[in-house]
There are 2 protein chains.
Amino acid sequence: MRRVRGEGNEGQVGTVDGESQPGGASGTRRRAARPRQGASMADVAQLAGVSSQTVSRVSNGFPGVTEDTRAQVLAAMRELGYRPNSAARALRRGEFRTLGVITFSLSTMGNIRTLEAIATSAAEHGYAVTLLPVAVPTQDEVNGAFSRLGELAVDAVIVIMEIHLLDAATVSLPPGVQVVVADSDAGDRYTVVDTDQAGGARDAVRHLLDLGHDTVWHLAGPEGSFAAQRRANAWRDTLRAAGRVTPPLVRGDWSAESGYRAGLLLADEPDCTAVFTANDQMALGLLRALHERGRRVPDDVSVIGFDDIPESASFLPPLTTIHQDFAEVGRLCVEGVLSKMRQDGAEHGTTLVPTRLVRRASTARRAG
Amino acid sequence: MRRVRGEGNEGQVGTVDGESQPGGASGTRRRAARPRQGASMADVAQLAGVSSQTVSRVSNGFPGVTEDTRAQVLAAMRELGYRPNSAARALRRGEFRTLGVITFSLSTMGNIRTLEAIATSAAEHGYAVTLLPVAVPTQDEVNGAFSRLGELAVDAVIVIMEIHLLDAATVSLPPGVQVVVADSDAGDRYTVVDTDQAGGARDAVRHLLDLGHDTVWHLAGPEGSFAAQRRANAWRDTLRAAGRVTPPLVRGDWSAESGYRAGLLLADEPDCTAVFTANDQMALGLLRALHERGRRVPDDVSVIGFDDIPESASFLPPLTTIHQDFAEVGRLCVEGVLSKMRQDGAEHGTTLVPTRLVRRASTARRAG
DNA sequence: CCAGTGGATGTTTACGTAAACATTGCCTAG
DNA sequence: CTAGGCAATGTTTACGTAAACATCCACTGG
């Protein structure tokens, strides 16, 4: 963990401009202790020769200000480099215009894309996004995050997290703080936005059955994950509905490495001609294992993934997969939480975002 | 963009608990307009029978409070569910305890990992992180982000961005807001934390030369990227220093797809026995192209990547690559910005984080 | 020519916290 | 026995903004 200093020197050289006197025009009463902090409304008001309330009106684009006055105030603002103090504003207005996002480890592509969409969408609505990472997904950590959140300057919260831990979390949010949960279950207790996991999984299985495979094996995600659980359930249900035998479920942990290990097992199953993998990363590992064991994809085994990460088009072979619209999930999270803020006591429920089958080269009609 | 409502009904059913009266004990003067907002220091003080200043002392863990009094105050806090109002706190203290992070598109794995490390590290220092996404990487957007940032409640800013756009950005930050730039150049004008791109690239090229290859081809990242530029420069310099001929540079855009296209080209170059790819995603595409064209890796062609994304261990074959310590970059960004905040007029400079060569199966001694 | 009207602007106040200063009361040293 | 000191606690005030209310003034209609 060493670090290399670029140019070596760390002298304490000059240019300490921190305390340059604000040239006569502006601040009359400037505290000496704190060198920072820009001009306030009062400063602008003084320079523009109006009251601070008029400055406030201009700052907020309110009506009732002459075009002349407005221009004058704007000029004064520019001259002083005025920035509204968001702390004072928040205190006064009683809202922060900020959404908190709780998530642990941005390790999965889905969470990241969702987060990105949340940030973008929030910005469009004039909201900032504060990130609250949960280091280790333990109950304590989750509780801790919620507790820290209480002191955080947020108006509402979006949780991107396997619900299992949320379940028992001692959620003690400040009153009036709304919550929306992404990528989860529990529509009865929270407002949830999620990908249509079941629909996607069903499409994946049907696709393989339609290609003439007798049945479909499933490489599932970790037990703790609700998404994994729902995909696995849908896989089982779809097979049953089609009257097929259900092969034993193989479990991974979302990682390519776990997919590889599972693939080594599946390669030895002669009956296994079609695999539905619960995410693309595991599919990658699975492809490697099958390749190593000489099982050709898609000639001997068809593989379908879930997520449609950008790289999946470049797998060997390019992966057929179920596309998730994470951006839409993120967008709906923001919409949902904002709408809940408007009409306070809105009831819970689940909003599902549809998936889409992306056909590439890893699935084919069953040989023979 | 349709959306499917989970269970179909959207009735306006009951359980409107939003307006439950705060049981007699607490708020005496509660404004009717806003149902939200919890107890304030004054409320706690009244219940505990002390002054609000004492509550403040307890809240901030200051000395000069009897154990008895402290306990009483804490009890009152618990009873009322008191949360310090961070807006008021920020206003009073003149700091938000929040870092702003500007980044566009969390598309690259590196940015994400860096962001994650920043969030974690900031949390350890008692700072929150506010995300400021820049939708399209245009000059206007970047300027806009910086301008929005001005109104944002942040004490300092970390920029994760190709410096090219930062270059000309009309950066007009509020006075006293420090900036640290990650993954960039420009140590002369900003404080920069970055991976040792040059060192990593040099190691990659040398590794291939050591394996007996006459020279090394380079699949570079997009022109606009400083990281890409520095890796390409180091590649060229290392070849020259070793007295080898420098093959023409092939350019991609970081995506696996672009790596595939480049790979189709390189596969037709009979002299090409070793390729240094500027990131792992492009290496993935390259591997696919080489495979399709019947060029075996590593028997015919050796390939080395950059980044060491988790999936690279599961490529076909597992990818030899240069590991970047994004977590360390993020951590150092936070340390740097906090230290700059403490000693205001600190000078600029670049901090480099070393890389590490990870040997896997995609590189081998040159055949023949 | 004057009361009435409404738009433009100013004044007062409160938001919740914490620094600075003020007060209380107890204990100890002279 | 009292002055001095110090620890515990209380009181006042300011942070920057914006809602609520107050004022001013020009113009209109009778």
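Only this structure's heavy atoms are used, side chains among them; waters, hydrogens and symmetry mates stay out. Predicted, not measured: the structure shown is a model, and the values here were computed from it. Throughout, a chain's letter reflects where its sequence line sits, starting with A, and its residues are numbered from 1.
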Original post:
Which whole-number value in Å describes the distance from B:Asn85 CG to D:dC15 P?
Top reply: 18 Å
**OP:** May I have the distance from A:Glu95 (atom CD) to C:dC15 (atom P), rounded to whole angstrom?
**Re:** 17 Å
Original post:
Do any side-chain nitrogens or oxygens of B:Arg89 fall under 4.0 Å of OP1 or OP2 in C:dT17?
Top reply: no
Original post:
Can you find a side chain N or O atom of A:Ser40 that sits less than 4.0 Å from OP1 or OP2 on D:dC15?
Top reply: no
Original post:
With distance as the sole criterion, do the side chain of B:Arg83 and the base of C:dG16 form a donor-acceptor contact below 3.5 Å?
Top reply: no
**OP:** Round to the nearest Å and state the distance from A:Arg93 atom CZ to D:dA20 atom P.
**Re:** 14 Å
Original post:
Does a side-chain N or O from A:Asn60 land closer than 4.0 Å to OP1 or OP2 of D:dA18, or not?
Top reply: yes
Subject >> Residue met sooner reading DNA chain C from 5', once B:Ser52 and A:Arg57 are mapped to nucleotides >> reply: A:Arg57
**OP:** Just compare D:dT9, D:dT17, D:dT11 and give me whichever is closest to any side-chain atom of B:Val65.
**Re:** D:dT9
Original post:
For A:Glu67 and C:dG7, what is the distance between atoms CD and P respectively, to the nearest whole Å?
Top reply: 16 Å
**OP:** Give one of base, sugar-phosphate or nothing for A:Val50, where a contact means two heavy atoms less than 4.0 Å apart.
**Re:** sugar-phosphate
**OP:** Looking at every strand, decide which applies to A:Thr69 at a 4.0 Å heavy-atom threshold: base, sugar-phosphate, or nothing.
**Re:** sugar-phosphate
**OP:** Go through C:dT17, D:dA18, C:dC15 for me and flag the one nearest to the A:Leu91 side chain.
**Re:** C:dC15
Original post:
With a 4.0 Å cut-off on heavy atoms, is B:Thr66 in touch with a base, just the backbone sugar-phosphate, or nothing at all?
Top reply: sugar-phosphate
Subject >> Residue B:Thr54, side-chain heavy atoms: nucleotide from C:dG10, C:dA18, D:dG10 that is nearest >> reply: D:dG10
**OP:** Spell out, as yes or no, whether a donor-acceptor pair under 3.5 Å connects the side chain of B:Ser40 to the backbone of B:Ala42.
**Re:** yes
Original post:
Hey, which of these two, A:Pro84 or B:Gly64, hits DNA chain D nearer its 5' end, going by closest nucleotide?
Top reply: B:Gly64
**OP:** Measure the distance from CE on A:Met41 to C1' on D:dA14 and round it to the nearest whole Å.
**Re:** 17 Å
Original post:
Within the distance-only criterion (no hydrogens, no angle test), does the side chain of A:Asp155 pair as donor or acceptor with the backbone N or O of A:Phe96 below 3.5 angstrom?
Top reply: yes
Original post:
Any sub-3.5 Å donor-acceptor pair from B:Asn85's side-chain atoms to B:Ala87's backbone N or O?
Top reply: yes
**OP:** Could you walk me through whether A:Thr69 and A:Arg57 pass the side-chain hydrogen bond (donor to acceptor under 3.5 Å, both in side chains) test, one step at a time?
**Re:** CA-CA 11 Å; A:Thr69 312; A:Arg57 283 190 263 260; over 6 Å; no
Subject >> Separation of atom CD in B:Gln53 from atom C1' in D:dG10, rounded to whole Å >> reply: 9 Å
Original post:
Quick one: which of B:Arg97, B:Arg92, B:Arg93 gives a side-chain hydrogen bond (donor to acceptor under 3.5 Å, both in side chains) with B:Glu95?
Top reply: B:Arg97
**OP:** To the nearest Å, give me how far apart CE (B:Met77) and P (C:dG16) are.
**Re:** 15 Å
Original post:
Does A:Arg92 make a side-chain N or O approach to OP1 or OP2 of C:dA14 shorter than 4.0 Å?
Top reply: no
Subject >> Atom-pair distance (CZ on A:Arg70; P on C:dG7), nearest Å >> reply: 15 Å
